[in-house]
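Notes follow once the structure below has been shown.
Positions are given from 1, in the same order as the sequence printed here. Hydrogens, waters and symmetry mates play no part in the numbers below; they use all other heavy atoms, side chains included.
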Amino acid sequence: MEQSRVHPLFLEEEVMRYAYLITEDACNILIDPGAFFHAERLIKALQAFVNPNQIDCIILQSNDILNITAMEKLIAMGFQGTLIVNETTIPYMQSLYQVQIKTIEELDYVLRLENNATFHFLTMPFLPFPDCYATFYHKEKTFFSNHFLSQAPHEQKGIKNLIASINAFHELILPSVDFIRSFSKKLIKIPIETVYPRLGYPIVKDEIETVLREVVLFDFYNTKQMIQQNSNKKTTYNFEAICNHMLRRLATAYHRHDIVDVFSGSAIEIGLYPQLEISQTSLYGLWLWNGFFDIIYQKKGATWLAHLEPIVNRYYKSYKVPKPEIYKVKTVEQSLAIQTLQQDKVSLEGKVLDLSNKITETTDKLLRCPITGLYNQRFMMQHLLNNLPMTLEKNQSRYLIALQIDDFMRINKLHGASVGDDTLRHLVYVINQVKKEDTILFKQNGPGLFIYKHQTDKKQILEFIKKLRNEIKNATVFVEAITISMSLVSKEELNSKYPVPDQVNQMIEMAQSRLERAKQKGKDQFLDKDSDEEQFIEGFILLVDEDETYQNLMVTIFKRMNYQVIVAADVYQAFELLENNHVDIVISEINLSKLDGFQLKQRMNAVSTLKDIPFIITSHFKNLDVITRCNLLNIDLVLKKPIVPEELLGHVKRIQDRRVKL
């Protein structure tokens, strides 16, 4: 039988603390070496196998002081290998030790040795520290679980005793069982035969399934780190720790120094190292909680608050942490209006509450898609206006993905509108399972979605797209198997001489027109700059008119202005084209055979994905009756024939520009 390559190194009796040595062919790897006071015992245990100068790699699964300070002794005794850490640990480690450092993000979460042995890194936030991770050693099928599945001191007397000690440890140091449940899902498909925790005994193959099943059932409310219930069942919150979680959430989208600058000169002082967190404040409790968000709103407005909103909602729903007041009032103007009404008379309090609810509901309707709950295209434009000009790191870019479900209108017709809505919601769910937290999902004005990646490189974005398309093909949540068409636009493709609003408009137009060309190539297509052979198109116009001479004239005129025109001779053909193509503007004659232009707009108004498409109607007759019917149907413009081309082009351009002028 082949001898195991994994060697547990016993460091401390009181808490059963272990480090782990892996002796691979021509490569020695040490996991979690421990604190400085462990160093003497660590060196002695190591020397039974290797000397410190023979260690090629040290994996630090967390950056707490009880795990990294033994490094000082190892370096003094000749260690010259590579440290593997998470991204947030880099500044701290570089300031302490002059050794080569790689991040798990840089390695794409896999360490590959020359003999093809692999170590897979799994992120595990709040188990128990932010930015922790665990390691799966594929060759030995061993899982180094960090604090997860660690144990309180106990005797090895059966599986029940083991589970009880794991539950006791989890309850002592972890935020809540929700974090355990979330991480446990990652382990289902991993063929683990032995678990090596940081504290406690190894868990063998016959025990693993039972342990994982039982520990997620042990429900504990929270820990003393963030939320505490005393004997009187009164709940108290560690708002400083929760605010630190918010800071790390912001750091996924904005530069750390920008975040520190926001709080400069305020009652809350933020430190950069060893990690982004509150270093000093005169505020406490709810004053700190509300003050933290007030400062963000005053300096950065609603965009930063929107980035924090999902995690604020999670704390509220899961742990009843009160929402910051700024989220209740939405905007300063609304807050002032409500305060004024509340001061008038006590008898008006009910009306003020009703008004506040209506304002909140209206604001959500303006900013969110009612079907998916995603922020809409208008909100995305505002986000891009703020984010697009920010400084990028070297070899990084910003990317916008546009995507639509192929044959979405057919699914709607075949299964009904409610199933179509569910299909969109299921698509959002699948994307959320694949994307990282720094990737933002928005709803297009039409039936599609946008995915915005604020900072990454071309290789990573293409890998994300490949993974996403495979996940969608293999997903079982849809009423029928679906495919998606996608387009990709990078910041480098934009005209740098344009002002930022025009760059935002250009990025969206390029993504949508490229998506339309992808759909024209067939189903399940993807286009980016390298695969898109056609010129940039300003937009797509649907022209509905029976006059072939007029059709040819309009096609020629708009082609000169980089618009693509698709032509329909009647309402039935027009509606079919609308269902299967992206259309930016409809230009329709009133007098058509079978059904007229008014009836086309009436049908479009009945479809949620079509009713907001700008609509221009043309006719040889423009009178009060025509104008009245147009107003009732929400038609954007009435033009009398013969059309003056320059007038029509001007109107089309202004309607297009409205989409970026918020």
Contacts table for residues 411-418: side-chain donor-acceptor under 3.5 angstrom, sequence neighbours left out:
{"from": "K413", "atom 1": "NZ", "to": "E579", "atom 2": "OE1", "distance (Å)": "3.1"}
{"from": "K413", "atom 1": "NZ", "to": "E579", "atom 2": "OE2", "distance (Å)": "3.3"}
{"from": "H415", "atom 1": "NE2", "to": "E480", "atom 2": "OE1", "distance (Å)": "3.0"}

Show me the donor-acceptor pairs within less than 3.5 Å that the side chains of residues 570-578 make with the rest of the protein, sequence neighbours left out.
{"from": "D570", "atom 1": "OD1", "to": "Y572", "atom 2": "N", "distance (Å)": "3.1"}
{"from": "D570", "atom 1": "OD1", "to": "Q573", "atom 2": "N", "distance (Å)": "2.7"}
{"from": "Q573", "atom 1": "OE1", "to": "A569", "atom 2": "N", "distance (Å)": "3.0"}

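A distance-only check finds a donor-acceptor pair linking the side chain of N290 to the backbone of E325 [under 3.5 Å]. For R398 (side chain) and N387 (main-chain N/O), a donor-acceptor pair under 3.5 Å exists by modelled atom type. Distance alone, capped at 3.5 Å, places no donor-acceptor pair between the E589 side chain and the D545 backbone. Although no hydrogens or angles enter the test, the distance criterion places a donor-acceptor pair under 3.5 Å between the side chain of E493 and the main chain of S490. Checking side-chain atoms of K299 against main-chain N and O of F263 turns up no donor-acceptor pair under 3.5 Å.
Residues that satisfy the salt bridge (charged side-chain N to carboxylate O under 4.0 Å, His left out) test with E87, not counting sequence neighbours, are absent from this structure. In this view, F408 satisfies the ring pair (Phe, Tyr, Trp, His ring centres under 6.0 Å) rule with no residue, not counting sequence neighbours. Under the salt bridge (charged side-chain N to carboxylate O under 4.0 Å, His left out) criterion, K436 pairs with no residue, sequence neighbours left out.
Taking the six-membered ring where the residue is Trp, the centroids of Y452 and F442 are separated by 6.0 Å or more.
A side-chain hydrogen bond (donor to acceptor under 3.5 Å, both in side chains) with R425 holds for exactly one of T423, D422, D421; it is D422. A side-chain hydrogen bond (donor to acceptor under 3.5 Å, both in side chains) with Q404 is found for exactly one of E516, K519, Q512, namely K519.
Counting heavy-atom neighbours within 6.0 Å of N634 CG, excluding the residue itself, gives a total of 12 or less.
Residue pairs that meet the side chain to side chain donor-acceptor pair (under 3.5 Å) test with at least one member in residues 462-472, sequence neighbours left out, are R469-D524.
For the pair K323 and Y316, the distance from NZ or CZ to the six-membered ring centre is under 6.0 Å and the angle to the ring normal is within 45 degrees.
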Apply side-chain hydrogen bond (donor to acceptor under 3.5 Å, both in side chains) to E309 and Y375, showing your working. CA-CA 11 Å; E309 187 179 17; Y375 282 112; 2.3 Å; yes
